[in-house]
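Below, each value reflects all heavy atoms present in this structure, side chains not excepted, and no hydrogens, waters or symmetry copies.
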Amino acid sequence: IRRPPRSTPKPSSASSDVYKRQEVPDKLLEYQYYMNLLSEEVEFLDKSKIVTQRDDIILDIEEPYSNWKEIINKNFSNYLKPTHKVHILKARIYKFPNNRKKTNELSFGSKVKITNYKAKFFKFSKGWINKKDVKPISYKEKDPFKKINLFRNIKYKWGGKSFKGIDCSALIQLFLNFNNKFCPRDAKDQLKYFKKNIKLKNIKKNDIIYWKGHVALALSKRKLIHAYGPMKKTLIMGIDQTIKKIERTAKLKVIGIKRI
């Protein structure tokens with residue numbers, strides 16, 4: 001049990017249960033944590049700080065903890081709500097508002113909450129970031145896959161979603177999410193989610209091609225880009241070439257082509 005601060009009056013017996021440590025549903029806490037935090041900055045955050053905040057919330061409650069959902073939303077949503085997102089492959093984080101001391105990097109699509117600014121830099125929870133490396137959170141591009149070539153030659157990494165490595169379904173999800181569009185994480189779920197079916201002969205730029213366990217994006221009627229495990233990187237290939245290669249090596253055929 002975490003005791004209230006010394007400045008806090010001792011609660012009466014009628015409300016003493018307010019200060020008892022009550023069980024916070026882990027799933028709800030994780031939901032708030034991940035939904036409001038940035039996609040890639042999570043690795044830089046200390047979960048123990050969230051626990052401390054959680055304890056503080058419990059101490060401040062003036063009624064039984066039955067309304068935990070409302071309390072967590074009230075206390076965390078505004079605090080964690082991002083204001084900007086990274087629009088380059090990797091943005092450097094600096095200790096001070098200058099280019100002298102880099103402390104880390106954020107990948108494309110990472111979201112941050114800006115709290116201050118100085119000259120050409122924005123301040124957020126983990127340091128300073130160059131203003132030119134981020135866009136407002138509401139920013140969208142007419143072509144959601146306009147910058148997908150940023151990831152060309154980035155290594156393939158199963159479960160990856162950054163410049164350090166990426167997999168095929170993350171490549172699709174990342175760019176749709178950046179443009180404020182929902183997209184499931186796994187290829188099989190994307191196939192179910194996107195409803196408009198296209199025939200191969202009618203394929204065009206930005207159509208999404210699915211195999212069992214794999215997905216690629218059409219760049220034109222003849223070319224596609226995908227994070228391809230066998231080649232260990234993200235690369236551009238011919239559509240016909242890729243279809244034949246996957247059928248020959250993995251015995252898999254195209255199971256769907258979707259248009260968003």
Side-chain angles (χ1 to χ4, degrees), residues 5 29-57 59-60 72-155 157 159-166 170-171 173-183 227 234:
L29 199 63
E30 288 179 15
Y31 171 81
Q32 276 306 124
Y33 184 74
Y34 288 108
M35 286 298 290
N36 290 302
L37 284 177
L38 40 139
S39 56
E40 294 301 332
E41 194 189 352
V42 169
E43 63 183 293
F44 305 129
L45 295 169
D46 183 355
K47 285 190 179 182
S48 66
K49 293 180 181 178
I50 299 297
V51 174
T52 300
Q53 289 291 336
R54 181 175 68 183
D55 289 342
D56 290 341
I57 288 171
L59 293 174
D60 290 338
I72 290 179
N73 278 328
K74 180 181 178 181
N75 284 274
F76 283 111
S77 292
N78 289 333
Y79 178 75
L80 298 173
K81 192 173 181 179
T83 59
H84 290 73
K85 54 194 174 185
V86 175
H87 74 103
I88 62 173
L89 181 62
K90 52 184 175 181
R92 294 180 175 184
I93 302 172
Y94 299 98
K95 188 172 183 179
F96 306 106
N98 55 54
N99 295 325
R100 293 176 196 150
K101 190 169 183 180
K102 187 186 83 170
T103 59
N104 219 317
E105 294 173 318
L106 286 178
S107 190
F108 176 87
S110 296
K111 298 173 184 176
V112 296
K113 179 172 182 176
I114 302 304
T115 58
N116 204 345
Y117 67 91
K118 187 173 182 180
K120 297 179 180 179
F121 292 86
F122 281 138
K123 183 176 177 58
F124 72 110
S125 62
K126 294 299 167 181
W128 297 82
I129 191 169
N130 202 304
K131 286 181 179 180
K132 65 180 177 59
D133 294 343
V134 295
K135 295 284 188 184
I137 202 71
S138 59
Y139 175 82
K140 293 190 293 185
E141 289 174 330
K142 191 172 182 180
D143 175 359
F145 297 106
K146 178 181 178 180
K147 295 182 177 178
I148 200 165
N149 276 320
L150 286 174
F151 280 80
R152 189 175 181 183
N153 293 322
I154 294 298
K155 74 176 182 179
K157 180 182 179 182
K161 197 178 175 182
S162 74
F163 64 85
K164 297 176 182 177
I166 194 164
L171 188 64
Q173 184 196 44
L174 184 61
F175 283 88
L176 290 176
N177 285 174
F178 177 82
N179 285 280
N180 303 328
K181 297 178 184 292
F182 175 75
C183 177
T234 302

field: D133 side chain to A91 backbone, donor-acceptor under 3.5 Å
entry: no

Polar side-chain atom of S110 near backbone of V86 as donor-acceptor pair, under 3.5 Å: no

- request: Provide the closest heavy-atom pair for K111 versus P82 in the form atom of the first, atom of the second, distance.
  value: CB-CB, 3.6 Å

- prompt: Stepwise, does the side-chain contact (heavy atoms from CB on, under 4.5 Å) test hold for N177 with C183?
  reply: CA-CA 7 Å; N177 285 174; C183 177; 4.2 Å; yes

message: Under the rule for side chain to side chain contact (heavy atoms under 4.5 Å, CB included), what residues qualify as partners of K123, not counting sequence neighbours?
response: T115, N116, W128

task: Search all heavy atoms of G160 against all heavy atoms of A170 and return the closest pair with its distance.
output: O-CB, 3.3 Å

task: Please round to the nearest 0.5 Å and tell me the distance separating atom CG of N98 and atom NZ of K118.
output: 9.0 Å

- request: Enter the distance from L171:CG to I166:CD1 here, rounded to the nearest 0.5 Å.
  value: 4.5 Å

Pairing residues for N149 by the side-chain hydrogen bond (donor to acceptor under 3.5 Å, both in side chains) criterion, not counting sequence neighbours: none

field: Rounded distance [0.5 Å steps], CG in N104 versus CD1 in I129
entry: 11.0 Å

message: To the closest 0.5 Å, what do you measure between NZ (K181) and NZ (K140)?
response: 6.0 Å

message: Holding to side chain to side chain contact (heavy atoms under 4.5 Å, CB included), I want the full list of residues that pass it with K132, two or more places apart in sequence or in another chain.
response: N130

query: Got T103 and K126 here, is their nearest side-chain heavy-atom distance under 4.5 Å?
result: no

- request: Determine which pairs satisfy salt bridge (Lys or Arg N to Asp or Glu O under 4.0 Å) with at least one residue from residues 82-104, sequence neighbours left out, and list them in order.
  value: K102-E105

message: Between K161 and L174, is the side-chain contact (heavy atoms from CB on, under 4.5 Å) condition met? List the steps.
response: CA-CA 7 Å; K161 197 178 175 182; L174 184 61; 4.1 Å; yes

- line: CZ of F182 to CD of Q173, rounded to nearest 0.5 Å, is 7.5 Å

- prompt: For Y117, which residues count as a side-chain hydrogen bond (donor to acceptor under 3.5 Å, both in side chains) partner, sequence neighbours excluded?
  reply: none

statement: For F175, the ring pair (Phe, Tyr, Trp, His ring centres under 6.0 Å) test, sequence neighbours excluded, returns F108, F151

task: Is it possible for you to check whether K113 lies under 6.0 Å from the centre of the six-membered ring of F124, through NZ or CZ, and within 45° of that ring's axis?
output: no

Straight-line distance of I93 CD1 to L106 CG, nearest 0.5 Å: 3.5 Å

field: Pairwise ring pair (Phe, Tyr, Trp, His ring centres under 6.0 Å) hits with a residue in residues 86-106, at least two apart
entry: Y94-F121

statement: Those residues at least two apart in sequence (or on a different chain) that pass salt bridge (charged side-chain N to carboxylate O under 4.0 Å, His left out) with K147 are E141

query: What closest approach, in Å, do L176 and P144 show between heavy atoms, and which atom pair accounts for it?
result: CD2-CB, 4.1 Å

